[in-house]
Amino acid sequence: MKKILIALCAMFCLSVNAQNDIETEKHEVAVEDSTETVAATPQANSAKAGYVAIDEIISKLAVLTKNGEAVTDDSEKERYAPLKGRSKFTRRNYIYQTLDVSPHVSTDNDPNLPAQTSNGKDVDTKQLESPTGFGMNFGYSLIFVPGHVEGDKLLLNKMGFAYSIGASTSFSKQDKYGTTCNFLLKLGIEAGNGHALGFGFDFLGGYGKSAGDSYQLEYQDYEEDDLAEPYTKWCWQYGSQVWMRTNLIKTVLANTEILIFAKFIVSVDPTNDETMIKGYDYFWKDETWSFGVTFRYRF
């Protein structure tokens, strides 16, 4: 009990002493402000510096305050957009366009590759392997970011939800099959628009040229093993793509951001019984995977 009383007395004495020091500093600052000469005491100089620092903080807070709300970072600033258009739809959606350029690598795959040909011979899978292709993708998007009108500006949704429509075209070059391509329409959704981190998903569909292999069934044992012949055909295609955007990867170009994407395309086999040549099996590359980096310019 005595120790507790002694501790309380010590805390009381320290608080009284601190209060006296604060009152002394306030008195010196008041004297300093009332005269034209600057006080030479260290206490006065430190107090003045403290008041200057407080004024700077208040001025910065005033700049960061907008429409009665405190703006804390850049992502909050980007949530406001100017009102455009006259219809309710255009006034409640921030609309902008983008152009994409995407170098990528791709590979084709036949998920239904059988172990044997139709006449019972083992399939030489090495001949049917698809080499890695390198190419470019070019895209266009019209993006809509919903929000609600607040005064003379549009306050965008906090989650950065957005949806888009657009188109893309892709070209890929391989030594085995030559050039394959596709021309696709896309419908996309995303989260994190205007934020430091964002994700998106696109549905794709259209027309393109994909690859396959025709495999000779009847051959002599002494013939060379070069029995698979690559070919390409135009076909319907559909698929999807996922992408991620982060502010950790930045460019020196204005209005340009970088996305990392993975795209999966299914090619519908155009071959039918009437076009098949007797004595051959056909192995169509149903699936194509592409991975790359997108440089997106918004305007």
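No experiment lies behind these values; they were computed from the predicted model shown.
Each of Leu259 and Met136 belongs to its own hydrophobic cluster when Ile, Leu, Val, Met, Phe, Trp and Tyr are linked at side-chain heavy-atom distances under 4.5 angstrom. Two different hydrophobic clusters hold Met244 and Leu204 under the rule that ILVMFWY side chains link at heavy-atom gaps under 4.5 Å. If you chain together hydrophobic residues whose side chains sit under 4.5 Å apart, Val293 and Phe134 never meet in one group. In the hydrophobic cluster analysis, where Ile, Leu, Val, Met, Phe, Trp and Tyr join through side-chain heavy atoms closer than 4.5 angstrom, Val105 is grouped apart from Ile260. The cluster map of Ile, Leu, Val, Met, Phe, Trp and Tyr, joined by side-chain heavy atoms under 4.5 Å apart, puts Leu187 and Leu184 in different clusters.
Atoms CZ and CG, from Arg91 and Leu83 in turn, are 5.0 Å apart once rounded to the nearest 0.5 Å. Taking CH2 of Trp284 as the start and CG of Leu113 as the end, the distance is 15.0 Å to the nearest 0.5 Å. Atom CG of Leu156 and atom CG of Asn93 lie 9.5 Å apart (nearest 0.5 Å). Within the model, atoms CG of Asn182 and OG of Ser172 stand 9.5 Å from one another, a figure rounded to the nearest 0.5 Å. Of the inter-residue distances, the one linking Thr232 atom OG1 with Lys209 atom NZ reads 4.5 Å to the nearest 0.5 angstrom. The distance from the CG atom of Asn137 to the NE2 atom of His104 is 6.5 Å, given to the nearest 0.5 Å.
Put simply, the side chain of Ile143 reaches to within 4.5 Å of the side chain of Glu190, judged on heavy atoms. Ser267 has its side chain out of reach of Asp286: every pair of non-hydrogen atoms, C-beta onward, lies at least 4.5 Å apart. No side-chain heavy atom of Tyr238 sits less than 4.5 Å from a side-chain heavy atom of Phe203. With contacts defined as side-chain heavy-atom distances shorter than 4.5 Å, the pair Leu155/Tyr80 qualifies. Side chains of Pro230 and Gln174 form no contact here, defined as non-hydrogen atoms less than 4.5 Å apart. With contacts defined as side-chain heavy-atom distances shorter than 4.5 Å, the pair Phe161/Pro146 qualifies. Contact check for Lys176 versus Ser130: no side-chain heavy atoms found under the 4.5 Å cut-off.
Within a 6.0 Å radius of CH2 in Trp236, no more than 12 heavy atoms belonging to other residues, nucleotides or ligands are found. Within a 6.0 Å radius of NZ in Lys84, no more than 12 heavy atoms belonging to other residues, nucleotides or ligands are found. Within a 6.0 Å radius of OH in Tyr207, other residues, nucleotides and ligands contribute more than 12 heavy atoms.
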### Task
In sequence, state the C-alpha distance, the side-chain angles, and the governing distance for Thr294 and Ser102, and then conclude on side-chain hydrogen bond (donor to acceptor under 3.5 Å, both in side chains).
CA-CA 4 Å; Thr294 298; Ser102 310; 2.7 Å; yes
### Task
Go through the steps for Asp213 and Tyr280 under the test side-chain hydrogen bond (donor to acceptor under 3.5 Å, both in side chains), then give the verdict.
CA-CA 10 Å; Asp213 291 288; Tyr280 286 83; over 6 Å; no
### Query
Is there a side-chain contact (heavy atoms from CB on, under 4.5 Å) between Glu257 and Tyr297 once you walk through the steps?
CA-CA 7 Å; Glu257 53 190 9; Tyr297 174 76; over 6 Å; no
### Task
Check the pair Thr288, Asn109 against side-chain contact (heavy atoms from CB on, under 4.5 Å), reporting the backbone distance first and the verdict last.
CA-CA 6 Å; Thr288 300; Asn109 179 48; over 6 Å; no
#### Entry: Ser141/Lys186 under side-chain contact (heavy atoms from CB on, under 4.5 Å): CA gap, chis, key distance, verdict
CA-CA 8 Å; Ser141 297; Lys186 65 178 182 178; 2.8 Å; yes
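A centroid separation of 6.0 Å or more is found between the aromatic rings of Phe199 and Trp243. Taking the six-membered ring for Trp and the full ring otherwise, Tyr163 and Phe144 have centroids separated by under 6.0 Å. Aromatic pair Tyr94/Tyr96: centroids less than 6.0 angstrom apart. Ring centroids of Tyr140 and Phe138 are separated by 6.0 Å or more, keeping the two rings apart.
Classification of Lys263 and Asp202 as a salt-bridged pair fails, no side-chain N sitting under 4.0 Å from a carboxylate O. Classification of Asp100 and Arg296 as a salt-bridged pair holds, one side-chain N sitting under 4.0 Å from a carboxylate O. Salt bridge absent: Asp269 and Lys233 never bring a charged side-chain N and a carboxylate O closer than 4.0 Å.
Heavy atoms only, all atoms of each residue included: Gly160 and His195 are closest at N-NE2, 3.9 Å. Pairing each heavy atom of Gln97 with each of Leu142, the nearest pair is CG-CD1, 3.5 Å. The minimum heavy-atom distance between Ser210 and Cys235, with the atom names listed, is CB-SG, 4.1 Å. In terms of heavy-atom proximity, Arg245 sits nearest to Ile258 at CG-O, 3.6 Å. Here the shortest heavy-atom pairing between Tyr177 and Leu128 reads OH-O, 4.3 Å. Contact between Glu287 and Pro111 at its shortest, heavy atoms only, is OE2-CG, 3.5 Å.
Listed for the Ser214 side chain is a donor-acceptor partner under 3.5 Å among the backbone atoms of Glu229.
Using bins of under 30°, 30° to 60° and over 60° for the plane-to-plane angle, the ring pair Phe283/Tyr215 lands in the perpendicular bin.
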